[in-house]
Amino acid sequence: MTNIQTFDTPSLLVDHQKLLKNISEIANFANQQGVVYRPHIKTHKSVKIAQLQVEAGAVGVTTAKISEAEVMASGGIKDILIAYPISNPDKIHRLIKLLQKGVRLKVSVDNPESLRYLQRELEHTPHSLEVWIKVNSGLNRCGVEPGKEAVRLAKTIMTHSKLKLGGIFTHAGHSYAAKTYEEIENIGLQEGLAVVESAKECEQAGIPILVRSVGSTPTFKIAGKVPGITEIRPGNAVFFDAIQVGLGVTNIENCAVTLLASVVGVYKDRIIFDTGSKSLCLDKGAHGNQTVSGFGHIIGHPEVIIERLSEEHGVGILVGETNLKINDKVQIIPNHACTVVNQFEEYVVYENGQLTDLWKVDARGKVK
């Protein structure tokens, strides 16, 4: 068998056992709560991992972009939510091609103008499109405000012959800015209520809402328990990372993805690794909160903090004595797994330090 320490660096590693454990825990939570599981694949961008999630009980997947959906559909995943607003005619034509291939597609909507674009392009086809209303639960990015605005948009959807309202969803990404776990709990509760109360008002207006979906790795176990929620969409929880540990969402032992890095320079006050911003990325906390120290956690070497990155160099400062020397290899838990994965072409999959497989990062760079 091949030891992962023999691989060239930097390499993207995934611990197969930890990966399966993380997938299983999400699926078990969904089963216990009586909700369905639709993971966001923008974290792993892998058909193989998406298939593992479906085998564990996922009803389909969530993507950020059409290009990701196209990759997942080509890999046999046929139930896909594109959680992103789409109104460009060229992009709508790509949606239509997915419908022609039999994909059970759902698309995010949050304004009447995009409905008009979708209706206009679909009128020339035999297809209709399922749309989900996105509500703003506090991130203040996309989404209508919960309640009356959601009802108004739902009523407008009902006037479009080619559009079918399937659900209401939200993403509480502002949970990443929480300073305490209690704050995450409050955000998760409000996330669930924003969806459930919007759905309730729609149904009081005579518009049924079948799917009530929440996401966000920090909050899915909170929002997913709100009565009336039917679906969860965590993405990062498939791997976890240093930011999730910093938020108190998980333990360092559950982080399934690491970077294998080499020491390329040792100096009296610093150590240089071959993992710079083009591999570790510069993320120190999404949506405004820096929950981590440095640019990645070096497993087994707390005496080194990766203080700064240039494109190809990671500069570690010493806060204690170290035995690291040139050509030594270390594993680094990234701050933000989602951005790091997108830098690599393949996963080196291992168990107990031994190579078991190589998996392609199929949707790498798919941002259109």
Side-chain angles (χ1 to χ4, degrees), residues 1-28 39 41-56 58 71 75 217 234-245 249-264 273-276 278-281 292 295-302 304 306 314 316 323-364:
M1 296 184 72
T2 302
N3 191 291
I4 58 170
Q5 290 290 321
T6 64
F7 272 77
D8 200 0
T9 58
S11 288
L12 179 67
L13 310 182
V14 61
D15 186 315
H16 193 217
Q17 293 171 319
K18 291 182 179 181
L19 170 70
L20 294 180
K21 177 176 178 286
N22 291 341
I23 292 173
S24 177
E25 287 191 358
I26 303 167
N28 288 342
I41 64 86
K42 71 181 179 67
T43 296
H44 58 71
K45 290 179 169 277
S46 160
V47 169
K48 174 63 177 179
I49 296 176
Q51 290 170 340
L52 290 174
Q53 291 172 316
V54 170
E55 289 170 10
V71 170
T217 287
N236 187 275
V238 71
F239 291 150
F240 293 120
D241 52 29
I243 289 174
Q244 300 294 341
V245 174
V249 172
T250 192
N251 298 316
I252 203 88
E253 293 79 14
N254 294 327
C255 295
V257 157
T258 57
L259 291 193
L260 186 66
S262 291
V263 176
V264 295
F273 302 96
D274 61 353
T275 44
K278 287 182 176 177
S279 50
L280 280 174
C281 300
V292 293
F295 292 96
H297 173 83
I298 306 173
I299 296 175
H301 292 279
V304 185
I306 304 173
N323 59 0
L324 287 172
K325 58 187 183 298
I326 285 179
N327 289 336
D328 282 350
K329 293 180 180 179
V330 297
Q331 286 179 248
I332 303 172
I333 296 173
N335 286 347
H336 190 182
C338 308
T339 53
V340 167
V341 164
N342 196 46
Q343 309 303 309
F344 289 83
E345 294 180 348
E346 68 179 8
Y347 293 99
V348 176
V349 187
Y350 71 95
E351 291 187 14
N352 300 316
Q354 302 298 314
L355 173 71
T356 59
D357 212 343
L358 298 173
W359 295 344
K360 186 178 179 183
V361 184
D362 305 272
R364 180 196 181 198

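These numbers were taken from a predicted model, which means no experiment stands behind them.
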Ile332 side chain reached by Phe295 side chain, heavy atoms, under 4.5 Å: no
N/O donor-acceptor pair under 3.5 Å between Tyr347 side chain and Val257 backbone: no
Side chains of Tyr350 and Met1 in contact at under 4.5 Å (non-hydrogen atoms): no
Gap separating the CD atom of Gln53 from the CD1 atom of Ile26, nearest 0.5 angstrom: 6.5 Å
Asp274 side chain to Ser262 backbone, donor-acceptor under 3.5 Å: yes
Validation row: Val348, Leu355 side chains within 4.5 angstrom (heavy atoms): yes
Side chains of Gln17 and Asn352 in contact at under 4.5 Å (non-hydrogen atoms): yes
Closest non-hydrogen atom pair between Phe240 and Ala337, with its separation: O-CB, 4.0 Å
Under 3.5 Å donor-acceptor, Asn3 side chain and Gln354 backbone: no
Side chain to side chain, His301 and Asn323, heavy atoms closer than 4.5 Å: yes
Check: Val349 main-chain N/O paired with Thr356 side-chain donor or acceptor under 3.5 Å: yes
Heavy-atom pair with the smallest gap, counting every atom of Asn236 and Cys338: ND2-SG, 3.8 Å
Shortest non-hydrogen contact from Cys281 toward Thr339: SG-O, 3.7 Å
Verdict with reasoning, Ser46 to Val361, per side chain to side chain contact (heavy atoms under 4.5 Å, CB included): CA-CA 5 Å; Ser46 160; Val361 184; 5.9 Å; no
Lys18 side chain to Glu253 backbone, donor-acceptor under 3.5 Å: yes
Under 3.5 Å donor-acceptor, Thr217 side chain and Ala237 backbone: yes
Backbone of Gln244 reached by a side-chain donor or acceptor of Asp241 within 3.5 Å: yes
Straight-line distance of Leu324 CG to Ile326 CD1, nearest 0.5 Å: 11.5 Å
Asn22 (side chain) donor-acceptor with Asn254 (main chain) under 3.5 angstrom: yes
Atom CD of Gln5: over 12 foreign heavy atoms under 6.0 Å: yes
Under 3.5 Å donor-acceptor, Arg364 side chain and Val341 backbone: no
Residue among Thr9, Asp8, Thr6 satisfying side-chain contact (heavy atoms from CB on, under 4.5 Å) with Leu260: Thr9
Phe344 vs Ser279 side-chain heavy atoms within contact, under 4.5 Å: yes
Sidechain-backbone polar pair: Gln51 side chain, Gly75 backbone, donor-acceptor under 3.5 Å: yes
Pairwise distance CG(Leu358) to NZ(Lys48) - rounded to 0.5 angstrom: 12.5 Å
Ile4 to Gln331 - nearest heavy-atom pair and separation: CD1-OE1, 4.0 Å
Closest non-hydrogen atom pair, Val238 against Ala256: O-CB, 4.4 Å
Minimum heavy-atom distance between Val340 and Leu259, given as atom pair plus value: CG1-CD2, 3.8 Å
Leu280 side chain near Phe273 side chain, heavy-atom distance below 4.5 Å: no
Close side-chain approach of Leu52 and Leu19, heavy atoms under 4.5 Å: yes
